[in-house]
J.: 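Got a structure here, written out as structure tokens. Questions coming.
Quick note: residue numbers are just sequence positions, from 1. Values in this document were obtained by computation on a predicted structure and should not be read as measured data.
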Amino acid sequence: MRARFEIVVGVGALLSAQAMAVNAQQPQSSRVTFESLTFEDGLSDERVFEIFQDSRGFLWFGTRNGLNRFDGYNIRTYHHDPGNPRSLSHNGIDALFEDASGTFWIGTEGGGLNRFDPTTEGFTRFMHDPDDPRSLSSNEVLWLYEDVSTGAFWVGTNGGGINRLDRDSGLFTRFTHDPAATETISDNHVLSFLVDGSGAIWFTTLAGLNRFDRERERFTRFLNDPFDPRSLSYNDVRRVLEDHEGVLWVATAGGLNRFHPETEDFTRYLHDPNDPNSLGDNFVLRLFEDSAHALWIGTRIGIDRFDVATGGFARHPLDTGEPEQFGGPAVIDILEDRQGTLWVGARGGLFRYDREGDVFISHRHDPDHPLTMSSNLVRDIYEDDNGVVWVGTVRGVNKVLAAGKPFRNFTTVPGDPATLSDRNVLSLYEDRSGSVWVGTASNLNKLEHDTQRFVRYDLDFGRPGADTVTMIQDIREDADGTLWLGTARGLVRFDPASGAYDLSRFVSNNNSDNVVRVVYAGDASAVRLGTEAGLKRFDRKTSEFLDPDVGPLNPELPGYRGVHAFHEDREGSLWIGARRGLHALDRASGKITRYMHDPSDPESLSDDWVYAIHEDASGVLWIGSASFLSRFDRDAQRFTHYTEADGLPDDGVYGIIGDDRGFLWLTTRNGLSRFDPGTETFVRYGVEDGLTNDQFGRALHRGHSGRFYAGHADGFSSWDPLTIEAGRRPVIAITGFLLAGRTVSPRSVYGPGAIVQGRRP
């Protein structure tokens with residue numbers, strides 16, 4: 001019988017991927033939002049007091065009902081078993097720590113200190129013995145810390161002061177409060193430790209802040225003085241943190257404090273009910289500085305982000321769905337994992353937030369929320385000069401501000417001529433004056449910015465049926481301000497100032513000659529059209545169509561068939577992508593050179609169906625086709641191809657766009673792909689990275705703001721290409737597998753490479 005394996009892969013990357021997923025069904029908000037993990041996800045208790053990520057990438061959550069290990073997919077729980085002395089000594093977890101040797105330690109609420117053995121998944125207990133002065137001074141362990149410079153391992157307790165553990169002998173040295181000695185610690189309830197940049201050790205207690213002199217083994221106390229506004233704001237000190245600039249921050253039950261080492265006094269930051277930019281609450285429980293140097297303040301009612309430069313606080317509520325006694329869940333712990341995900345443990349659950357917050361934002365239609373996309377079938381996307389994003393769908397135009405405001409949907413309202421003439425939108429265009437033009441299945445529309453109402457232009461030439469202009473598939477503006485419309489009935493020349501227009505049709509027995517899909521209006525003398533039947537040229541002076549396939553310069557050139565793309569390169573040549581190859585037009589001579597696939601020549605065009613043409617900053621042409629991504633060497637007149645074997649997620653490339661770092665972004669039927677031409681490597685992005693769908697088409701746009709927009713089979717997604725890091729290399733661990741349908745645990749999930757070795761059957 002075959003063995004079936006289920007392997008948990010990519011612990012770190014999976015944590016980040018889950019955190020990056022944005023709820024596209026709700027209107028986007030500029031405020032920070034957090035996602036929660038609860039009982040339904042396998043968490044043993046929603047009162048999370050400690051969060052820790054070990055060196056293998058696992059996340060550990062200490063709760064009031066056991067220890068939880070999260071591997072990116074599943075949560076493994078550890079509980080106290082009265083009949084097993086190798087089980088966790090107590091279910092209440094207050095402290096988690098991994099020392100320099102990789103040993104994992106757990107401080108409990110009433111079961112002392114535990115050391116975890118990952119091979120056996122058993123625990124060794126260190127507990128208080130009233131008859132042994134070298135035992136742990138208290139079974140309530142609140143804090144653990146290793147002084148790497150000396151190797152000392154410190155254990156802070158509730159009521160028993162500080163303990164220094166000799167890990168070789170298992171014996172403890174106690175430091176406790178003596179009311180008669182001012183150089184002892186100020187209180188036996190020790191909540192946290194910190195070794196600052198100068199080497200001083202700081203201890204926080206319920207009755208003051210303490211600095212420890214290692215050589216003399218004496219303490220200096222910092223206490224509140226009600227007559228000194230520069231003293232500590234409150235004696236109940238919960239945490240102390242040193243930021244990247246060496247500034248010491250102190251969290252108390254009566255405000256946030258900044259320590260000044262020169263004068264050894266403090267600046268206080270307090271809650272002001274009349275100032276929304278003040279501290280959200282004076283009871284500060286946790287402090288955390290993330291990798292972007294943002295300072296996070298966990299309070300009794302939520303979490304604040306502090307701007308050190310302005311002294312202002314931004315408040316971010318944590319929504320538990322239930323009313324809280326003080327107006328929000330108290331923050332118990334904060335951690336940032338290696339992928340940049342911020343984890344917040346609170347009374348009310350576990351919350352996670354990707355601090356970048358702007359990786360892939362996906363938008364889709366939600367029938368229960370009217371301020372979302374009107375339809376997931378996207379035809380065109382455009383970002384105007386003001387940062388407003390316009391999305392054309394089969395159910396109208398959608399408008400969304402780049403700042404993340406809810407959608408506003410424009411559609412047809414019967415009896416109201418100031419609404420969209422047809423909800424089936426095919427094209428969007430912003431002219432040089434800033435007006436937004438909408439091409440629909442029936443007519444042309446212009447949106448008035450001031451009134452947000454539409455002006456309809458019924459392009460009807462007085463003949464019913466086939467001679468009525470329909471299906472406006474492309475809109476382009478020339479140097480004179482004239483709009484050229486590609487329609488299913490021919491080419492329309494439209495004057496926006498007067499509203500005058502005329503329709504020109506190619507004289508042919510083939511109606512597909514008049515189905516204009518793309519328009520190029522960059523020539524002063526002619527407009528070029530991509531029709532269903534091929535490339536056409538319209539002479540502006542004579543108003544006549546010319547077929548470039550006919551003539552002495554191109555006698556061997558057969559019909560083009562459907563034209564998908566135009567691109568004018570920096571040398572002035574016009575490149576045309578069609579269903580029968582890639583074509584280069586020398587406009588000075590009129591000569592057309594065509595490149596097609598030759599099965600006998602591996603350096604020919606990869607496929608005759610060309611969808612996308614892109615020229616990078618160095619002048620290199622990149623071609624997206626039904627088969628592969630291709631790089632064109634103009635001097636050698638040959639193509640280099642990149643396939644799935646090279647890392648391309650799918651061989652069909654429908655859109656190409658370049659960012660300011662030189663990367664190419666490709667749309668495929670298997671997600672987005674970012675290509676680095678320098679290293680010739682690909683990074684794929686899919687639903688696991690926050691995209692709501694992997695099936696992308698040709699709707700790809702770069703906005704004025706630098707954001708990218710891409711339509712897919714479930715709406716559209718936007719992202720800032722400069723904020724997305726290079727390919728993540730996940731930590732790999734095997735936490736279990738199925739053998740003949742039975743779950744088997746490896747001897748160790750922490751071994752070298754996390755490989756389970758054994759004999760072959």
J.: Measuring only between side-chain heavy atoms, which start at C-beta, is Phe538 closer than 4.5 Å to Ser543?
T.: yes

J.: Taking the basic N atoms (NZ, or NE/NH1/NH2) and the acidic carboxylate oxygens, is any pair closer than 4.0 Å for Asp659 and Arg674?
T.: no

J.: Under 3.5 Å, is there a donor-acceptor pair between the Asn670 and Thr668 side chains?
T.: no

J.: Does atom CZ of Arg638 have more than 12 heavy-atom neighbours from other groups under 6.0 Å away?
T.: no

J.: Check Arg456 with Asp458, please: is the shortest side-chain N to carboxylate O separation under 4.0 Å?
T.: no

J.: For the residue pair Val436 and Val397, establish whether any side-chain heavy-atom pair is separated by less than 4.5 Å.
T.: no

J.: Quick one: are the ring centres of Phe675 and Tyr642 less than 6.0 Å apart?
T.: yes

J.: Are Val516 and Gln473 packed together at the side-chain level, in the sense that at least one heavy-atom pair is separated by less than 4.5 angstrom?
T.: no

J.: Report yes if the side chains of Phe454 and Val438 come closer than 4.5 Å at any heavy-atom pair, otherwise no.
T.: yes

J.: Is any side-chain heavy atom of Phe628 closer than 4.5 Å to a side-chain heavy atom of Asp607?
T.: no

J.: With the side chain counted from C-beta on, respond yes when Leu491 and Trp484 share a heavy-atom pair under 4.5 Å apart, and no when they do not.
T.: yes

J.: Got Trp575 and Val610 here, is their nearest side-chain heavy-atom distance under 4.5 Å?
T.: no

